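Heads up: the structure comes next, in structure tokens.
The model shown is predicted, which means the values in this text are computed figures rather than measured ones. Counting convention: from 1, in listed order, for ligands and their atoms alike.
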Amino acid sequence: MKIVSACLAGIPCRWDGKAKPCQQILQLVENQEAIPLCPEELWWLTTPREQAEIQQDGSVKTINGNDVTEKYLAGAQKVLELAKLMWCREVIFKSKSPSCGCGKIFDGTFSETLIAGDGICTKLLKDNHIKVITEENLQ
Ligand code: SF4
């Protein structure tokens, strides 16, 4: 069983209240081969929410300067717990997200500038030997 970013499965859980549906992900969920999860909603429970990015010091701050690092870490931890319960070895996450991004993320300046790096949840999963790819790897 795979875990996929809920927004890729058409669930409107992004910070701006929108989804980013991906046809291949929708098919996986429909075939019951994948379960959609949103690390941020698992902790925050509210959508929409303030846009946030990982800062150079590794903290996560919203566009208004609120430090939400602990909440991001807590949501990531919940995804890891669920992944272990499901014996999940592969995850397909949404690219560039501060939680789900893999290989590249925004630089913390809210200027749409990309740098090398992983989202908070992706890093935790990788550290626990779970493979993470993004929807960009599917195309
Ligand atoms: Fe999508 Fe991940 Fe952001 Fe949730 S945290 S909206 S699943 S990219």
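Residue Leu124 is grouped with residue Phe93 when hydrophobic side chains (ILVMFWY) are merged at heavy-atom distances under 4.5 angstrom, including chains of intermediate members. Using a 4.5 Å cut-off between side-chain heavy atoms of Ile, Leu, Val, Met, Phe, Trp and Tyr, with links allowed through other members, Val132 and Leu82 fall into the same hydrophobic cluster.
Among Lys20, Glu41, Glu40, the one residue that satisfies the side-chain contact (heavy atoms from CB on, under 4.5 Å) test with Arg14 is Lys20. Checked against Cys22 for a side-chain contact (heavy atoms from CB on, under 4.5 Å), the options Thr134, Leu8, Val4 give a single hit: Leu8.
With Cys7, Ala52, Cys38 as candidates, the residue nearest to atom 4 (Fe) of ligand 1 on a non-hydrogen basis is Cys38.
Taking a cut-off of under 4.0 Å to the non-hydrogen atoms of Cys13, the atoms of ligand 1 that pass are 6 (S). Counting the atoms of ligand 1 from 1 in the order shown, those under 4.0 Å from a heavy atom of Ser97 are 3 (Fe), 8 (S). Of all atoms in ligand 1, numbered sequentially from 1 with element shown, those under 4.0 Å from a heavy atom of Ala6 are 7 (S). Every atom of ligand 1 is numbered from 1 in the order shown, and the set under 4.0 Å from a heavy atom of Leu37 is 7 (S). Close contacts between ligand 1 and Pro39 involve ligand atoms 2 (Fe), 5 (S), 7 (S) [criterion: under 4.0 Å to a heavy atom]. Close approach to Arg14 involves these atoms of ligand 1, each under 4.0 Å from a residue heavy atom: 6 (S).
No side-chain donor-acceptor contact under 3.5 Å links Ser5 to the backbone of Cys7. Using a distance-only test at 3.5 Å, with no hydrogens or angles considered, a donor-acceptor pair links the side chain of Gln55 to the main chain of Glu53.
Side-chain contact between Asp16 and Pro48: absent, with no pair of heavy atoms (C-beta onward) separated by less than 4.5 Å.
Under a 4.0 Å heavy-atom criterion, Ile11 is not in contact with ligand 1.
Looking from atom 2 (Fe) of ligand 1 to the surrounding protein, the closest heavy atom is Cys100 SG, 2.3 Å.
The side chain of Lys94, and not its backbone, has at least one atom closer than 4.0 Å to an atom of ligand 1 (non-hydrogen atoms only; side chain from C-beta on). Proximity of Leu8 to ligand 1, defined as any heavy-atom pair under 4.0 Å, is not found for any part of the residue. Residue Ser99 touches ligand 1 through its side chain alone, judged by heavy-atom distances below 4.0 Å.
The environment of NZ in Lys126 is crowded: more than 12 heavy-atom neighbours from other residues, nucleotides or ligands sit within 6.0 Å.
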